[in-house]
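Below: the structure, in structure tokens.
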Amino acid sequence: MTTPVLEVPVLEVRGLRKHFPIRQGLLGRVTGQIRAVDDVSFSIAHGETLSLVGESGCGKTTTSRCILRAIAPTSGKILFRDEHGDAIDVAGLDRKGLRPLRRRMQMIFQDPFSSLNPRMTIAEIIGEPLLVQGMRDTRERETRVADLLRLVRLPAAYLNRFPHAFSGGQRQRIGIARALALNPSLIVADEPVSALDVSVQAQIVNLMLDLQDQLGLTYLFVAHDLSVVKHVSHRVAVMYAGRIVETAPTKQLFTSPKHPYTEALLSAVPVPDPRRRAHRIVLEGDVADPSNPPPGCHFHPRCKYATEQCRTEVPALTEIEPGHAVSCLRAAELSLRGVASGS
Amino acid sequence: MAEPILQVRGLSTYFFADEGVVRAVDGASFDLYPGRTLGIVGESGCGKSVTARSILRIVERPGRIVGGEILLRRHSGQVVDLVTLPSDGSAMRQIRGGEIGLVFQEPMSSLSAFHTVGVQLIEAIRLHSPLSKKAARARAIELLALVGIPRPAHRIDAYSFELSGGLRQRVMVALALAAEPHVLIADEPTTALDVTTQAQILELIARLQRERDLAVILITHDMGVIAEMADDVVVMYLGREVEKGPVDAIFHAPRHPYTQSLLRSIPSVLAEPRARLATISGSIPHPLARPAGCPFHPRCPDAMPGRCDADVPVEVSFADNHVTACHLYTEPVA
Ligand SMILES: Nc1ncnc2c1ncn2[C@@H]1O[C@H](COP(=O)(O)OP(=O)(O)O)[C@@H](O)[C@H]1O
Ligand SMILES: Nc1ncnc2c1ncn2[C@@H]1O[C@H](COP(=O)(O)OP(=O)(O)O)[C@@H](O)[C@H]1O
Ligand code: SF4
Ligand SMILES: [Mg+2]
Ligand SMILES: [Mg+2]
């Protein structure tokens with residue numbers, strides 16, 4: 001396993017919260033809060049990939065959108081290290097303050113073209129961020145776009161074509177080229193391969209790994225698919241109902257999970273080998289509702305290890321080994337099952 | 001093994017569009033047995049759903065079954081060829097939903113938003129059996145309990161949008177089983193669900209199969225789900241069956257280069273962290289631009305020029321009903 005180059009965090013998130021008001025009636029009175037992200041903290045080192053995993057609605061996308069300041073967080077700090085090495089709190093910046101940082105953090109989406117103009121050519125789509133950042137010289141822009149296309153391994157002949165002519169995998173390559181146009185240091189990728197067929201998914205996963213090595217990129221990789229996460233991450237953070245319940249180096253998280261939710265999540269993943277039909281832990285019930293989460297440990301109603309204490313006491317995310325933190329009241333005494341490699 | 005309940009023989013379903021003919025399914029053949037699960041797997045557009053829709057005779061225009069047989073052993077014991085029945089005739093209506101139950105990926109689009117779960121279930125029950133409304137309601141509550149819906153007597157009056165994705169899919173399964181079919185076709189039943197909910201639904205399907213000796217066709221693009229659930233597997237690529245056989249042979253002794261490449265390219269929770277994946281070069285061709293010869297040849301690492309790009313490979317059989325369509329296993333014709 002390759003270790004990240006520098007231990008300096010490119011991104012440090014502290015106590016991030018994003019609550020959405022629930023409005024009701026004609027006057028739109030606020031009758032409650034959806035605690036989409038509820039006190040989330042993590043950091044990502046230069047050149048590292050941290051994956052944020054968890055089931056739909058647990059707050060992954062909301063966390064990413066706060067970091068990129070597509071939305072304003074309710075509270076918390078988002079410290080981003082700029083090219084001079086200074087940590088800037090993105091959470092507190094206004095539009096003007098954000099502008100110079102925008103090029104340093106970029107997003108890759110599940111469907112990169114859902115938000116783009118179908119009448120723009122590939123060259124225009126990839127070149128647009130360059131133009132916006134003031135690269136007015138057409139020749140210079142064309143050269144850069146051609147370089148970017150080569151970087152994502154697409155033929156230069158595609159430059160003058162339109163997005164609809166491309167397959168899902170090719171579109172994702174174009175989305176990546178556009179994200180890389182301004183030499184960002186942090187890439188936030190929200191389910192970048194979830195919509196792709198396996199044979200194409202593998203190509204994009206490898207491309208992202210190669211680009212990271214080549215360009216020293218830092219990734220926040222958001223995904224619900226634990227198998228994909230295993231192939232891309234240095235470290236993993238598992239979210240449940242707006243909170244991080246466990247974070248650890250990839251191998252450790254998969255082989256010796258310490259949170260019952262991580263254990264259940266891992267055991268639910270179907271393994272592509274009929275000789276390993278596992279005895280699964282099948283969780284009862286549904287994911288906790290972030291507008292009305294259970295008291296105590298959010299996971300307690302579905303947890304087979306829950307005790308009386310779990311119903312009332314909120315577990316704190318606590319480091320139990322270097323780099324491995326868990327929020328479970330019973331983490332120290334439980335011996336949980338991970339997925340073993342080999343036979 | 002018992003007699004098959006469903007035999008598909010050389011099924012071909014084409015779409016006749018203005019731009020050309022899409023051979024969505026081109027010569028599929030397989031047998032389905034009571035108490036067993038047949039998995040149909042392949043990447044998007046390979047013809048999985050059209051196969052299911054052909055069996056149910058709900059292929060929409062401009063699609064048409066152009067060849068083959070679909071032999072169903074009916075509850076009465078009589079064997080009928082579904083291809084010869086009028087798609088909206090009374091026999092086909094009895095079979096669809098009655099003798100063959102159906103579960104789709106999107107419960108939201110298959111369930112009505114205007115009627116409660118109970119109204120829909122009661123209708124489905126009474127369509128295929130002469131129960132009174134009251135008896136059907138009691139039966140509906142039983143069915144909801146059977147598929148693991150908590151407080152069924154209360155939930156029966158809920159609307160589908162009031163339920164979580166997992167509960168909705170359970171309602172779909174209850175609906176599919178309302179008429180006590182012997183065959184269940186589940187087309188990507190867990191694709192829209194989270195893993196833990198997927199595990200619940202897969203376990204539900206497996207339990208109901210054991211209890212009722214159901215014959216299940218499970219359609220998915222997910223090799224993990226196939227490995228977990230299927231007894232027999234059909235692997236499809238661009239409308240063609242490229243390989244089929246017992247699940248263990250497909251995963252541990254795959255013959256077709258497509259199956260082999262597909263298995264290598266699947267990400268796995270068992271992999272080393274940050275391990276690069278094996279890839280299949282190129283992408284799935286457009287359905288109107290199906291390559292000549294073997295449809296996989298432009299992406300195939302073993303392709304033999306002159307044969308694979310020219311002749312359509314025929315199916316070759318090995319032990320244990322393991323079959324593949326690939327020129328690597330036949331001698332060139334002199
Ligand atoms: N703009 C919004 N307004 C209200 N609720 C939202 C909004 N965006 C997300 N949510 C809610 O916040 C929770 C977390 O959502 P999201 O971050 O999208 O989860 P994930 O990406 O993990 O699936 C969900 O309950 C979702 O419904
Ligand atoms: N209504 C339709 N009109 C034209 N082509 C169709 C239609 N439905 C399916 N097809 C084509 O048939 C092929 C098989 O589709 P389908 O069975 O849905 O694939 P999948 O394996 O993803 O379920 C695809 O090429 C698809 O484009
Ligand atoms: S027939 Fe030829 S191209 Fe097709 S899979 Fe076999 S070797 Fe590859
Ligand atoms: Mg999301
Ligand atoms: Mg389909």
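Below, read A as the first sequence line, B as the second, and so on, with proteins coming before strands; counting in each chain starts at 1. Please read these numbers as outputs of a predicted model, since none were measured by experiment. The figures here come from the full heavy-atom set of this structure, side chains too, leaving out hydrogens, waters and symmetry mates.
In this structure, A:S227 OG and B:I266 CD1 are separated by 9.0 Å, a value rounded to the nearest 0.5 Å. Rounding to the nearest 0.5 Å gives a distance of 11.5 Å between CD1 of A:I281 and OG1 of B:T196. Of the inter-residue distances, the one linking A:F254 atom CZ with B:L270 atom CG reads 10.0 Å to the nearest 0.5 angstrom. Going from atom OG1 of B:T279 over to atom CG of A:L207 covers 11.0 Å, rounded to the nearest 0.5 Å. Atom-to-atom distance recorded for A:S199:OG and B:R299:CZ is 4.0 Å, nearest 0.5 angstrom.
Heavy atoms only, all atoms of each residue included: B:V269 and A:V339 are closest at O-CG2, 3.7 Å. Here the closest non-hydrogen pair linking B:Q200 and A:R302 is NE2-NH2, 4.2 Å.
With a 4.5 angstrom heavy-atom cutoff, B:I284 touches chain A only via side-chain atoms. Only the side chain of A:D286 comes within less than 4.5 Å of a heavy atom of chain B; its backbone N, CA, C and O stay farther away. Residue A:S56 touches chain B through both its backbone and its side chain, counting heavy-atom pairs closer than 4.5 Å. Contacts of A:V228 with chain B are made by both backbone and side-chain atoms, with heavy-atom separations under 4.5 Å. Contacts between A:Q212 and chain B at a heavy-atom distance below 4.5 Å involve the side chain alone, from C-beta outward. Looking at B:S261, neither its backbone nor its side chain comes within 4.5 Å of chain A, counting heavy atoms on both sides.
Contacts with chain A were tallied for B:V247, B:I226, B:V195, B:D194; B:D194 has the most, counting heavy-atom pairs under 4.5 Å. Between chain B and the residues A:Q170, A:E284, A:H231, A:Q203, the most heavy-atom pairs under 4.5 angstrom are made by A:H231. Counting heavy-atom pairs closer than 4.5 Å to chain B, the top residue among A:V200, A:L226, A:V271 is A:V271. Put simply, of B:P150, B:A230, B:P267, the one with the most heavy-atom pairs under 4.5 Å next to chain A is B:P267. Each of B:A275, B:G282, B:S265 has some count of heavy-atom pairs under 4.5 Å with chain A, and the biggest count is that of B:A275. Of the residues considered (B:L263, B:D248, B:L202), B:D248 shows the highest number of contacts with chain A, using heavy-atom pairs under 4.5 Å. Contact tally against chain B (heavy-atom pairs below 4.5 Å) for A:A268, A:P274, A:G338: the top residue is A:P274.
You'll find the side chain of A:P270 reaches within 4.5 Å of the side chain of B:Q198, heavy atoms only.
Atom CD of B:E162 has more than 12 neighbouring heavy atoms from other residues, nucleotides or ligands inside a 6.0 Å radius. The 12-atom threshold is exceeded at CG of A:D289, counting heavy atoms of other residues, nucleotides or ligands nearer than 6.0 Å. Atom CD of B:E203 sits in a sparse spot, with 12 or fewer heavy atoms from other residues, nucleotides or ligands closer than 6.0 Å.
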Q: List the steps, then state whether salt bridge (Lys or Arg N to Asp or Glu O under 4.0 Å) holds for B:E272 with A:K230.
A: CA-CA 7 Å; B:E272 274 304 305; A:K230 185 85 184 269; over 6 Å; no
- Task: Please lay out, stage by stage, how A:D273 and B:H252 fare under the test side chain to side chain contact (heavy atoms under 4.5 Å, CB included).
- Result: CA-CA 8 Å; A:D273 182 353; B:H252 287 281; 2.7 Å; yes
Given B:R276 and A:V205, is the side chain to side chain contact (heavy atoms under 4.5 Å, CB included) satisfied, shown in steps? CA-CA 8 Å; B:R276 301 258 183 313; A:V205 164; over 6 Å; no
I would like to know whether B:R274 and A:S233 meet side chain to side chain contact (heavy atoms under 4.5 Å, CB included); could you show each step before the answer? CA-CA 6 Å; B:R274 291 178 61 82; A:S233 333; 5.8 Å; no
